[in-house]
Amino acid sequence: MRLRNKPWAKDFMAEHPDVLIHEEEGTTIDWKAVFGNENPVHVEVGTGKGQFIIGMALANPTINYIGIEHFDNVIVSALEKVIEAEKPANLRLLRGNGANLEGLFKPGELDRVYLNFSDPWPKSRHAKRRLTHESFLARYETVLKKGGEIHFKTDNRKLFEYSLVSMSAYGMILQEVSLDLHAEMPEDNIMTEYEEKFSAKGQPIYRLEAKFNNE
């Protein structure tokens with residue numbers, strides 16, 4: 001995906017430190033202090049333009065949400081939407097790399113990780129870059145509490161099949177698997193921008209919930 005350059009992005013992001021936090025190498029973030037409470041923490045890795053994480057925060061005020069995004073030109077769009085939503089107190093955006101979760105969160109700090117419409121990296125030689133590769137699963141297991149969950153959505157069937165195999169091989173427990181989420185649309189389903197786009201074209205949305213077998 002080609003990202004349109006937004007030269008104003010850095011200055012705009014710097015104006016809203018109450019919403020957007022920057023990853024700093026070697027610095028651990030005190031998330032309890034950031035939110036001012038000890039509520040459960042849910043993280044979306046690759047939050048994109050933010051529609052999902054904002055919707056979740058508004059729908060669940062007793063859960064803290066963090067949307068991680070690596071690209072300035074993308075996360076600034078999420079920031080604009082957060083401001084439009086009047087900056088929910090239980091939501092923060094984090095400009096950082098999802099591959100560095102262990103540097104962003106303490107062991108067992110998170111209750112749930114969301115992976116929504118991640119890059120499928122279709123070539124076999126790029127499998128290690130997929131967010132459901134075993135190396136990423138190991139990171140999630142470290143930062144999630146015992147019994148913590150991963151919720152995963154995609155429009156890419158091959159990535160979904162790969163993820164089912166990867167998680168099963170890792171020993172994870174698959175709790176919910178849907179090959180056509182919108183055929184049985186749950187009332188509490190919050191859609192991402194991509195989800196709206198693909199489902200409008202009649203494309204099935206694949207979804208799963210899984211947890212680590214470490215309780």
Side-chain angles (χ1 to χ4, degrees), residues 1-6 9 12-13 19-20 42-61 63 65-88 90-95 98 112-123 126-127 129-133 136 140 149-167 174-210:
M1 179 181 66
R2 184 178 180 183
L3 300 178
R4 183 167 59 89
N5 184 44
K6 299 175 181 177
F12 183 71
M13 291 160 59
V19 174
L20 194 148
H42 293 188
V43 167
E44 183 183 21
V45 179
T47 203
K49 296 181 179 180
Q51 179 170 298
F52 173 82
I53 203 74
I54 294 169
M56 293 297 289
L58 292 173
N60 303 284
I63 297 174
Y65 290 90
I66 303 168
I68 301 176
E69 181 56 55
H70 189 53
F71 299 104
D72 289 351
N73 292 336
V74 178
I75 200 170
V76 73
S77 295
L79 176 58
E80 288 181 306
K81 289 184 178 180
V82 172
I83 293 169
E84 290 175 6
E86 299 184 352
K87 298 183 178 182
N90 61 328
L91 173 62
R92 296 295 187 278
L93 299 176
L94 176 58
R95 175 25 178 110
R112 185 175 297 171
V113 169
Y114 294 100
L115 306 173
N116 292 320
F117 299 88
S118 310
D119 192 326
W121 293 103
K123 295 181 180 179
H126 292 153
R129 300 183 183 183
R130 297 170 189 160
L131 294 187
T132 50
H133 183 270
F136 280 96
Y140 307 143
E149 298 176 339
I150 293 177
H151 290 197
F152 174 68
K153 287 186 197 178
T154 183
D155 64 301
N156 189 295
R157 187 179 182 95
K158 289 185 177 179
L159 177 61
F160 191 71
E161 292 171 347
Y162 169 87
S163 302
L164 289 172
V165 172
S166 179
M167 291 180 177
L174 300 176
Q175 302 176 117
E176 298 284 345
V177 177
S178 175
L179 299 179
D180 191 355
L181 176 64
H182 289 208
E184 53 204 42
M185 179 73 87
E187 291 184 4
D188 60 350
N189 182 56
I190 303 291
M191 288 198 286
T192 75
E193 291 89 350
Y194 279 117
E195 186 173 353
E196 287 185 343
K197 175 182 176 181
F198 293 132
S199 62
K201 295 180 178 179
Q203 191 162 335
I205 303 301
Y206 308 100
R207 183 182 183 275
L208 66 81
E209 296 178 10

Q: Would you check, one step at a time, whether the test side chain to side chain contact (heavy atoms under 4.5 Å, CB included) holds for Phe117 with Asp155?
A: CA-CA 7 Å; Phe117 299 88; Asp155 64 301; 3.6 Å; yes
Q: Can you confirm whether Lys87 is buried at NZ, in the sense that more than 12 heavy atoms of other residues, nucleotides or ligands lie under 6.0 Å from that atom?
A: yes
Q: Just wondering, do Ile63 and Tyr65 contact through their side chains at under 4.5 Å, heavy atoms?
A: yes
Q: Has Glu209 got a side-chain atom pairing as donor or acceptor with Glu149's backbone, closer than 3.5 angstrom?
A: no
Q: So how far is it from Ile75 CD1 to Leu94 CG, rounded to the nearest 0.5 Å?
A: 7.0 Å
Q: Minimum heavy-atom separation for Arg130 to Pro122, with atom names?
A: NH2-O, 3.4 Å
Q: Heavy atoms, side chains only, cut-off 4.5 Å: are Met167 and Leu208 in contact?
A: yes
Q: When you measure from the side chain of Asp180 to the backbone N and O of Pro204, does any donor-acceptor pair fall under 3.5 Å?
A: no
Q: Pair Glu44, Asn116 - check side chain to side chain contact (heavy atoms under 4.5 Å, CB included), show working.
A: CA-CA 8 Å; Glu44 183 183 21; Asn116 292 320; 2.9 Å; yes
Q: Hey, does the side chain of Asn90 reach the backbone of Asn60 with a donor-acceptor pair shorter than 3.5 angstrom?
A: yes
Q: Ion pair present between Glu195 and Arg207, side-chain N to carboxylate O less than 4.0 angstrom?
A: no
Q: Please name the pair of heavy atoms, one in Ala9 and one in Asn73, separated by the smallest distance, quoted to 0.1 Å.
A: CB-OD1, 4.2 Å
Q: Checking Arg95 side chain against His70 main chain: does a donor-acceptor pair fall under 3.5 Å?
A: yes
Q: Mind checking the CG-CD1 spacing from Leu93 to Ile68? Nearest 0.5 Å is all I need.
A: 10.5 Å
Q: Does any non-hydrogen side-chain atom of His133 lie less than 4.5 Å from one of Trp121?
A: no
Q: Going by heavy atoms in the side chains, are His151 and His42 under 4.5 Å from each other?
A: no
Q: Stepwise, does the side chain to side chain contact (heavy atoms under 4.5 Å, CB included) test hold for Phe136 with Leu115?
A: CA-CA 11 Å; Phe136 280 96; Leu115 306 173; over 6 Å; no
Q: Are Lys123 and Arg129 side-chain neighbours, meaning at least one heavy-atom pair lies under 4.5 Å?
A: no
Q: Nearest 0.5 Å please: distance from the CG atom of Asp72 over to the CE atom of Met13.
A: 4.0 Å
Q: Does atom NZ (Lys49) have a neighbourhood of more than 12 heavy atoms from anything else shown, all under 6.0 Å?
A: no
Q: Nearest 0.5 Å please: distance from the OG atom of Ser77 over to the CD atom of Gln51.
A: 12.5 Å
Q: Report yes if the side chains of Val43 and Tyr114 come closer than 4.5 Å at any heavy-atom pair, otherwise no.
A: no
Q: Could you grab the distance from atom CG of Leu181 to atom CD of Glu176, nearest 0.5 Å is fine?
A: 10.5 Å
Q: Within a reach of under 6.0 Å around CD of Glu86, are more than 12 heavy atoms found that belong to other residues, nucleotides or ligands?
A: no
Q: At their closest point, which heavy atom of Thr192 faces which heavy atom of Phe52, and how far apart are they?
A: CG2-CB, 3.7 Å
Q: Kindly give the heavy-atom pair with the smallest separation between Ser199 and Met191, and that separation in Å.
A: OG-SD, 4.2 Å
Q: Please list, one pair per line, the donor and acceptor atoms closer than 3.5 Å that link side chains of residues 157-165 to other protein atoms, with sequence neighbours excluded.
A:
unit_1: Arg157; atom_1: NE; unit_2: Glu161; atom_2: OE2; d: 3.0
unit_1: Ser163; atom_1: OG; unit_2: Thr132; atom_2: OG1; d: 2.7
unit_1: Ser163; atom_1: OG; unit_2: Leu159; atom_2: O; d: 2.7

Q: Identify the two heavy atoms, one from Leu91 and one from Ala57, that lie closest to each other, and give their separation to 0.1 Å.
A: CB-CB, 3.9 Å
Q: Hey, mind stepping through Phe12 and Ile83 against side chain to side chain contact (heavy atoms under 4.5 Å, CB included) and telling me if it holds?
A: CA-CA 12 Å; Phe12 183 71; Ile83 293 169; 3.6 Å; yes
